[in-house]
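Taking it in order: structure first as structure tokens, then the write-up.
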Amino acid sequence: MERILITGAGGQLGSELTLKLSEIYGDESIIATDINEQVSSRFTNCKFAVLDVMDRPKMEALISENKVTQVYHLAAILSATGEKKPLFTWDINMQSLLNVLELAREYNLKVYWPSSIAVFGNNTPRVNTPQYCAMDPTTVYGISKLAGERWCEYYNKTYGVDVRSLRYPGLIGYKSAAGGGTTDYAVDIYRAAIAGEKFSCFLSEDTYLPMMYMPDAIKATVELMEAPEDLVKVRSSYNIGALSFSPKEIYESIKRHFPDFEIVYEPDFRQKIASSWPDSIDDSVAVSDWNWKPDFDLDTMTDDIIMNLS
Ligand code: AKB
């Protein structure tokens with residue numbers, strides 16, 4: 001029987017992925033953890049523990065006491081917040097991953113760890129960014145994700161740890177708030193539209209970024225983790241693509257439902273980060289290795305979010 005420990009379960013991705021894993025493996029198989037005790041009320045169906053991912057002894061105790069077989073290590077500081085506390089971000093993002101990988105080696109755990117399009121930089125081909133190319137991240141978050149990818153591959157090749165990873169684009173969901181990323185505008189814009197507020201966008205109208213609707217991100221994660229081990233050939237992290245749009249295009253998509261919705265563009269420090277990231281992603285390696293295919297385009301995502309939020 002699988003026993004699955006999730007770190008950062010209260011986050012944007014964690015909240016939804018934890019529910020999905022509960023559905024697949026059963027509530028009794030899930031140990032949701034987060035540094036923030038207040039999110040525990042979301043996890044009344046399964047076990048919840050407060051965990052600071054820097055606390056390796058506590059992480060180890062939870063793993064051994066609960067006979068954990070898989071860890072989804074989602075806790076991290078994202079790109080925009082990371083720039084405010086660079087060294088702290090490096091410590092949290094790197095040390096926690098090394099804690100997980102070391103415990104995976106000792107306890108023979110399967111590991112899921114998210115990487116990001118933030119691993120790419122100004123010398124990366126911007127359109128249809130390939131799986132393998134120049135990678136010169138400009139943020140501490142991106143540097144930590146690129147270093148993390150190298151460590152994941154190292155633990156797989158050197159110690160045989162079954163670690164799997166996806167380079168997520170900006171994730172858009174309506175069930176929980178985004179936290180500290182450069183792509184967060186695409187989450188916040190829906191809430192503003194539904195509240196009847198004018199939206200101030202912190203990126204310029206023509207900034208294209210790779211994005212993905214949360215149900216597709218959950219689907220990709222589960223499919224990668226369930227793929228037979230020999231099909232998972234990339235052990236750093238897979239490019240996955242779904243959508244590519246600009247603030248102007250998402251605004252137009254929302255305006256189909258709210259013709260009076262207004263937007264103003266007020267780029268801030270996040271513009272520079274966004275301008276260093278790809279416009280769109282070539283995910284052909286994920287397609288050929290484990291058959292990746294997204295379900296949503298921009299308008300079907302918009303329709304679904306507005307239907308659910310309204
Ligand atoms: C961020 O904007 O920092 C994240 C990401 C693309 O990894 N959403």
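Below, all heavy atoms of this structure are taken into account, side chains as well, without hydrogens, waters or symmetry copies. Being a predicted model, the structure only gives us computed values, none of them experimental. Counting starts at 1 for both ligands and their atoms, in listed order.
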From N93, N99, D91, residue fulfilling side chain to side chain donor-acceptor pair (under 3.5 Å) relative to Q95
N99
Counting both backbone and side chain atoms, is some N or O of Y141 under 3.5 Å from an N or O of ligand 1?
yes
I'd like to know if R167 and E149 make a salt bridge, using a cut-off of under 4.0 Å between side-chain N and carboxylate O.
yes
Which part of S79 is near ligand 1, with near meaning a heavy atom under 4.0 Å away: side chain, backbone, both or neither?
both
Minimum heavy-atom distance A227-W290, with the two atoms named:
CB-CB, 4.1 Å
The atoms of ligand 1 lying under 4.0 Å from a heavy atom of T182, numbered in the order shown, are 1 (C), 2 (O), 3 (O)
Could you list the atoms of ligand 1 found under 4.0 angstrom from a heavy atom of S116?
5 (C), 6 (C), 7 (O)
Would you mind listing which atoms of ligand 1 come within a distance below 4.0 Å of any non-hydrogen atom of L78?
3 (O)
Are any of the side-chain heavy atoms of I194 and S310 separated by less than 4.5 Å?
yes
Shortest protein contact, atom 8 (N) of ligand 1 (heavy atom only):
T183 OG1, 2.9 Å
Does NZ or CZ of R105 fall inside the cone over Y159's six-membered ring, less than 6.0 Å from its centre and within 45° of the axis?
yes
